[in-house]
Amino acid sequence: MSIDTTTDPSAETFVPKSDFIRVMQERGYIHQCTDLTALDTAAAAGPITAYVGYDCTADSLHIGHLISIMMLRWFQKTGHRPIVLMGGGTTKVGDPTDKDQQRPLLTDAVINTNLASIKRTFSAFMTFGETGQDAIMVNNADWLEKLGYIEFLRDYGVHFTVNRMLSFDSVKLRLEREQPLSFLEFNYMLMQATDYLELHRRHNCILQMGGSDQWGNIINGVELVRRVAQKPAFGLTTPLLTTSSGQKMGKTLGGAVWLNAERLSPYDYWQMWRNTEDADVGRFLKLFTELPLDEIARLEALGGAEINEAKKVLANAATTLLHGPEAAATAAAAAVAAFEHGRLSEDLPTVEIAAGDLSAMTNTALMVAAGFASSNGDARRQIAGGAFRINGVKVADANALVEISGSEAELRKGNARKRLVVS
RNA sequence: GGGGGAAUGUCCCGAGUGGCAAAGGGGGCGGACUGUAAAUCCGCUGGCGUACGCCUUCGUAGGUUCGAGUCCUACUUCCCCCA
């Protein structure tokens with residue numbers, strides 16, 4: 001059985017009938033689809049069910065997951081039922097896609113902790129429940145862990161040829177890079193395909209979505225459902241999220257852009273969007289906000305410094321979706337006060353130093369305490385390069401004691417990173 | 001089964017004659033310039049110490065040597081040739 005692939009569907013050549021596909025197309029969510037026309041027809045005929053799977057390798061999702069979360073959100077908004085699949089079982093195997101080597105195997109305890117932590121993010125984007133188009137959340141550990149080996153091989157393994165498996169990028173890449181690929185990892189794509197079939201049986205799920213890197217894994221699931229269940233099944237992937245200058249997105253603040261507030265404060269999340277490159281503003285507004293398209297067109301047409309207004313709209317809208325309107329407003333207010341009025345803002349992320357300790361600290365130690373440097377050496381180098389400012393004044397001597405007159409001050413690293421220190 | 005190569009700074013690629021904290025890129029961070037943008041130019045990019053310095057790094061484990069990324073042995077993984 002072969003898969004019809006629609007690559008890069010352009011608005012000129014295809015006019016969707018369903019709201020879902022129309023929105024996906026207009027807003028730039030679609031990279032590849034197994035059969036866009038048929039999927040559109042199905043979505044136009046009535047509510048359908050789709051899923052996206054998420055690993056439990058960390059205790060928070062990051063910005064790379066956000067496109068697919070937005071897709072699920074639109075999917076629900078346009079009248080369909082989304083399934084969030086937590087990879088409690090597949091995480092035990094580990095997806096080899098885009099990885100040079102096998103990662104350390106996570107324990108059950110860690111996986112379960114991560115799973116519980118990740119769950120919370122989704123409720124901000126979707127309505128969960130038991131009826132109609134309410135989203136549901138399932139864990140593939142529920143069925144994968146019960147599989148017996150022989151049974152698995154006979155029921156599912158028989159549908160996959162090694163010849164074909166070797167042709168998938170996730171496998172090919174590892175072989176080309178001369179890195180070992182364990183048999184454990186080699187099985188990952190079968191696990192994911194099994195998920196699709198299981199969700200098809202349990203919930204009549206006919207669509208799996210994900211990032212473009214998941215294309216191979218998704219195809220396997222589509223084929224398995226078609227073959228075993230003899231029913232239509234579709235796959236839809238989104239483009240990889242990069243900035244216009246070709247870089248991986250989310251490095252603006254030095255680390256990964258986490259979605260959990262404990263990992264990355266709403267203020268820093270807001271800042272990340274605020275610092276979007278000019279050329280990305282329109283694209284990001286379409287993908288990460290729900291502003292009407294004509295409004296987006298107006299915003300992205302702003303020239304010169306005026307486009308900063310569009311970036312603020314983007315930051316407000318995106319932060320509101322994830323952290324809620326209050327957190328977004330607070331972050332925006334802190335940024336305006338700190339950057340545009342040069343005032344000390346109580347709403348900046350705060351570093352607390354015990355009373356008395358602050359004046360006994362070196363500038364180096366303060367930089368480390370503020371999270372601006374990863375080690376003392378790093379802090380010294382940063383200060384030598386003129387990166388550190390207290391209340392706007394450049395700190396010159398890394399070894400000198402901190403000079404702060406009041407009980408609080410604004411710390412700044414580089415152009416855009418600000419913290420409030422209180423003692 | 002036999003023979004020949006390869007694994008380098010835990011982000012990636014990649015030089016490396018026995019004296020190496022280890023060339024050079026990319027990426028990242030910072031400075032200048034700007035609009036909290038991009039492009040451009042410049043600096044930094046193992047840990048601890050104020051500093052002479054000390055400690056930890058070159059697939060894994062041993063060994064030779066005053067001294068080993070560099071030589072020897074075994075192991076792991078990958079590539080090529082022969083069977």
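As a basis for the values below, the full set of heavy atoms in this structure was taken, side chains included, without hydrogen atoms, waters or symmetry mates.
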Say we look at B:U57 and B:U34: how far apart would their P atoms be, to the nearest angstrom? 47 Å
d(CG, A:D278; C1', B:A38) in whole Å: 6 Å
Rounded to whole angstrom units, what separation is found between the CG atom of A:D268 and the C1' atom of B:U36? 13 Å
With sequence neighbours left out, which residue pairs that include part of residues 331-362 of chain A fulfil the ring-ring contact (aromatic ring centres under 6.0 Å, His included) condition? none
With a 3.5 angstrom cut-off on both distances, give the Watson-Crick or G-U wobble partner of B:A61, or none if there isn't one. B:U73
According to ring-ring contact (aromatic ring centres under 6.0 Å, His included), who are the partners of A:F20, at least two apart in sequence or on a separate chain? A:F75
Not counting sequence neighbours, which residues clear ring-ring contact (aromatic ring centres under 6.0 Å, His included) with A:F372? List them please. none
If you only use heavy atoms from C-beta on, which nucleotide in B:U36, B:U34, B:A37 is closest to the side chain of A:Q271? B:U36
Over how many whole Å does the gap from A:K394 atom NZ to B:G30 atom P extend? 13 Å
Mark yes or no: A:K77 above the aromatic ring of A:W74, with NZ or CZ under 6.0 Å from the six-membered ring centre and no more than 45 degrees from the axis. yes
Once side-chain hydrogen bond (donor to acceptor under 3.5 Å, both in side chains) is applied, do any residues pair with A:N112, and if so which ones, sequence neighbours excluded? none
In whole Å, what separates the P atom of B:G16 from that of B:G24? 14 Å
Which way is the base of B:C13 turned, syn or anti, if we draw the line at 90° from 0? anti
Atom pair distance, as rounded to whole Å: NZ in A:K413 and C1' in B:G30: 7 Å
Suppose you measure atom C1' in B:A74 against the same atom in B:G19; what distance do you get, rounded to whole Å? 27 Å
Is it true that A:E410 and A:R419 make a salt bridge, defined as a side-chain N closer than 4.0 Å to a carboxylate O? no
Any strand, both distances under 3.5 Å, Watson-Crick or G-U wobble: B:A32 pairs with B:U40
For atom C1', what is the distance between B:G31 and B:U36, given to the nearest Å? 16 Å
Exactly one candidate in A:D280, A:N316, A:D278 meets side-chain hydrogen bond (donor to acceptor under 3.5 Å, both in side chains) with A:K311; the answer is A:D278
Return yes when atom NZ of A:K312 has more than 12 non-hydrogen atoms of other residues, nucleotides or ligands closer than 6.0 Å, and no otherwise. yes
List in chain and number order the residues that pass side-chain contact (heavy atoms from CB on, under 4.5 Å) with A:E151, two or more places apart in sequence or in another chain; answer none if no residue qualifies. A:D155
Taking ring-ring contact (aromatic ring centres under 6.0 Å, His included) as the test, write out the residues that go with A:F160, two or more places apart. none
Watson-Crick or G-U wobble partner for B:C11, using a 3.5 Å limit on both distances? B:G26
Looking at RNA chain B, which of residues 292-319 of chain A put a heavy atom within less than 4.0 Å of it? A:G304, A:A305, A:I307, A:N308, A:K311
Between A:F183 (CZ) and B:U77 (P), how many Å, whole number? 16 Å
Rounded to the Å, how far apart are A:R412 CZ and B:C29 P? 16 Å
Expressed as a whole number of Å, how far does the P atom of B:A22 sit from that of B:G28? 25 Å
May I have the distance from A:E410 (atom CD) to B:U36 (atom P), rounded to whole angstrom? 14 Å
Between the base of B:G30 and the side chain of A:N415, is there a donor and acceptor pair under 3.5 angstrom? no
When the C1' atoms of B:U70 and B:A21 are compared, how many Å lie between them, rounded to an integer? 15 Å
Does A:F122 have any ring-ring contact (aromatic ring centres under 6.0 Å, His included) partners at least two apart in sequence or in another chain, and if so, which? A:Y54
Quickly work out the A:N275 CG to B:G35 P distance and round it to whole Å. 15 Å
Under 4.0 Å protein heavy-atom contacts per nucleotide of nucleotides 43-48 of chain B, with B for base, S for backbone only and - for none: -SS-SS
Between A:A335 and A:R389, which has a closest nucleotide on RNA chain B that is more 5'? A:R389
Across every strand shown, the nucleotide meeting Watson-Crick or G-U wobble geometry with B:G1 (both distances under 3.5 Å) is B:C82
Taking B:G25 as the reference, what is the distance to B:A38 when you measure between their P atoms (whole Å, please)? 22 Å
Interatomic distance at C1', B:A7 relative to B:A15, whole Å: 15 Å
